[in-house]
Amino acid sequence: MRIDVLSLFPNMFTPMRESIIGKTIERGLVDFKVTDFRDFTDNKHNKVDDEIYGGGQGMLLMPQPIFDAMDAIESEAGSRGRVILMDPAGKTFNQEMAEELSKEDHLTFIAGHYEGYDERIRDLVTDEISLGDFVLTGGELGAMVVIDATVRLLDEALGDQMSAVDDSFSTGLLEYPQYTRPADFRGMKVPDVLMSGHHANIAKWKKKEALRRTYLRRPDLLENYDFTKEERQLLNEVKDEEANK
C-alpha cells in the first residue's frame, strides 16, 4: 500500500515511523510519504491561504498549492489513489471504514491546518472523514488516527492477524476482558474458566463477556448487531445477571 499525506507540518508525522506502522514501512508493506504542499506555491511569499470572497472570519487554503502537489503525486505514483479530506463535516470514522480503506492500494490524505478549504479542493476528494463532533487545529492528528487504524489491518502488519480480528469493533462488539500472570494479584483473580483448558467453555465465556461489556458500555452497537441464537441467549443471561446485582 502507498500512503501519501499533504500537510504544512510534515514533521508531525515522525511518530508514524514507530511501533507497528513503522515496522510495516521498514518491511516494505507500506510506502509512506508526506508532502509539504507549501513547496508547491507559485507566489514569492510561499503563501498557501487567502481571504474569503464575500467576507467571513479567518482565511482559506488556496486550491493552487494542493492541486499542484496532487499533480506531482499522480505523476510519480501513476494515480492519486483514494483521496481523503480530513474535515469536521466529513463522515465519522469507524472500524468498518478502516477495513474498507485497508483494501485500497493507494491512499492520499489532505490535512489542512488552522483554516478551512477553498471549496474547489473538494473536487479532488473521494472521501471526507471526521473523527467526531469536535474541532482540532489541523487534520494531521486525524489523518494519523485513520492511517494507524487502517494499516494495522493489512496482512502481516500484526504478528498475529487474529489480533486484529478479535479487536473491539472488528466483530461488532467490544472486546472481552483479558488477563495475564499472575493468576491472583492482590486478591483479584483470573476467572477459573480461562485456566480450565476447556476451549468450548472459554470461547463461550469470551463471547458472553464481550456481549456484557458492549451491553453496559455501548448498547447502541447492539441495535443493528446480527445475533446468533446462542448470542441472543447469552445476552439475555447477561441482562438477568446485571439486573440482579
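In this text, all values refer to a predicted model and were calculated from it rather than measured experimentally. Below, each value reflects all heavy atoms present in this structure, side chains not excepted, and no hydrogens, waters or symmetry copies.
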If you measure from CZ on Arg186 to CG on Asp184, what distance do you get to the nearest 0.5 Å?
12.0 Å

Any non-hydrogen side-chain atom of Leu158 less than 4.5 Å from a side-chain atom of Ile20?
yes

Just by distance, do the side chain of Lys103 and the backbone of Glu99 share a donor-acceptor pair under 3.5 Å?
yes

Decide yes or no on side chain to side chain contact (heavy atoms under 4.5 Å, CB included) for Thr24 and Leu154, but give the supporting numbers first.
CA-CA 9 Å; Thr24 64; Leu154 298 178; 5.6 Å; no

Which atoms form the tightest heavy-atom contact between Thr41 and Lys47, and what is the distance?
CG2-O, 3.3 Å

Excluding sequence neighbours, so at least two apart, what forms salt bridge (charged side-chain N to carboxylate O under 4.0 Å, His left out) with Asp148?
none

Using 30° and 60° as the class limits, which term best fits the ring planes of Phe9 and His113: parallel, tilted or perpendicular?
tilted

For the backbone of Pro15 and the side chain of Glu18, can you confirm whether one donor and one acceptor N or O come within less than 3.5 Å of each other?
no

What are the two closest non-hydrogen atoms of Ile110 and Val125, and how far apart are they?
CD1-CG2, 4.2 Å

To the nearest 0.5 angstrom, please state how far the CG atom of Leu194 sits from the OH atom of Tyr176.
9.0 Å

Side chain proximity check, Leu174 to Leu221, heavy atoms < 4.5 angstrom:
yes

Asp192 atom CG, neighbour heavy-atom count above 12 within 6.0 Å:
no

Kindly indicate, with the supporting measurements, whether the criterion side chain to side chain contact (heavy atoms under 4.5 Å, CB included) is fulfilled by Leu107 and Asp4.
CA-CA 6 Å; Leu107 300 174; Asp4 283 282; over 6 Å; no

Measure the shortest side-chain to side-chain distance between Lys91 and Asp127 over non-hydrogen atoms and say whether it is less than 4.5 angstrom.
no

Residue pair Ile147 / Val30, side-chain heavy-atom distance below 4.5 Å:
no

Of all the heavy-atom pairs spanning Tyr225 and Gly172, show the shortest one and how long it is.
CD1-O, 4.1 Å

Taking the side chain as every heavy atom from C-beta outward, state whether Met16 and Val34 have any pair of such atoms under 4.5 Å apart.
no

Candidates Glu241, Glu231, Glu230 - the one meeting side chain to side chain donor-acceptor pair (under 3.5 Å) with Lys208:
Glu241

Flag yes if Leu141 and Ile84 sit in one hydrophobic cluster, no otherwise; membership is Ile, Leu, Val, Met, Phe, Trp, Tyr, and two members link when side-chain heavy atoms are under 4.5 Å apart.
yes

When hydrophobic residues are tied together by side-chain contacts of less than 4.5 Å, even through go-betweens, does Val193 share a cluster with Met195?
yes

For Glu237 and Leu211, run side chain to side chain contact (heavy atoms under 4.5 Å, CB included): C-alpha distance rounded to whole Å, both residues' side-chain angles, the deciding distance at 0.1 Å, then the answer.
CA-CA 10 Å; Glu237 291 177 11; Leu211 286 163; over 6 Å; no

Are there over 12 heavy-atom neighbours, none belonging to Asp133, within less than 6.0 Å of that residue's CG?
no

Electrostatic pair Arg122-Glu119, nearest N-O below 4.0 angstrom
yes

When you look at CD of Gln178, are more than 12 heavy atoms from neighbouring residues, nucleotides or ligands closer to it than 6.0 Å?
yes

With a 4.5 Å limit on heavy-atom distance, are the side chains of Ser79 and His106 in contact?
yes

Does Thr126 reach the main-chain N or O of Val83 with its side chain, forming a donor-acceptor pair under 3.5 Å?
yes

Report yes if the side chains of Phe13 and Met144 come closer than 4.5 Å at any heavy-atom pair, otherwise no.
yes

Might you point out which heavy atoms bring Ser7 and Glu140 nearest each other, and give the distance in Å?
OG-OE2, 2.9 Å

With a 4.5 Å cut-off on side-chain heavy atoms, are Glu209 and Arg212 touching?
yes

Should the heavy atoms of other residues, nucleotides or ligands under 6.0 Å from CG of Asp105 be counted, would the total exceed 12?
no

Hey, could you give me the CG/CD distance between Leu216 and Glu242, rounded to the nearest 0.5 Å?
4.5 Å

Just how far is it from atom CZ of Arg82 to atom CG of Leu101, taken to the nearest 0.5 Å?
5.0 Å

Met86 to Gly139 - nearest heavy-atom pair and separation
CG-O, 3.7 Å

A quick test of your reading: do over 12 heavy atoms of other residues, nucleotides or ligands sit less than 6.0 Å from CZ of Arg181?
no

In terms of heavy-atom contacts, Gly197 and Ile202 come closest through N-CD1, 4.2 Å

Between Ile129 and Phe134, is there shared hydrophobic-cluster membership here, with clusters defined by ILVMFWY side-chain heavy atoms closer than 4.5 Å?
yes

Assess whether atom CZ of Arg120 is packed by more than 12 heavy atoms of other residues, nucleotides or ligands within 6.0 Å.
no

Between Thr92 and Ser130, is there a donor-acceptor pair closer than 3.5 Å when you use the side chain of the first and the backbone of the second?
no

If you look only at distance, which donor and acceptor atoms sit under 3.5 Å apart when one is on a side chain in residues 52-78 and the other is two or more places apart or in another chain?
from  : atom 1 : to    : atom 2 : distance (Å)
Gln64 : OE1    : Asp42 : N      : 3.3
Gln64 : NE2    : Phe40 : O      : 2.7
Gln64 : NE2    : Asp68 : OD2    : 2.8
Glu74 : OE1    : Arg80 : NE     : 3.2
Glu76 : OE2    : Arg2  : NH1    : 3.2
Glu76 : OE2    : Arg2  : NH2    : 3.4

Short question: side chain of Tyr117, backbone of Gly112 - any donor-acceptor pair under 3.5 Å?
yes

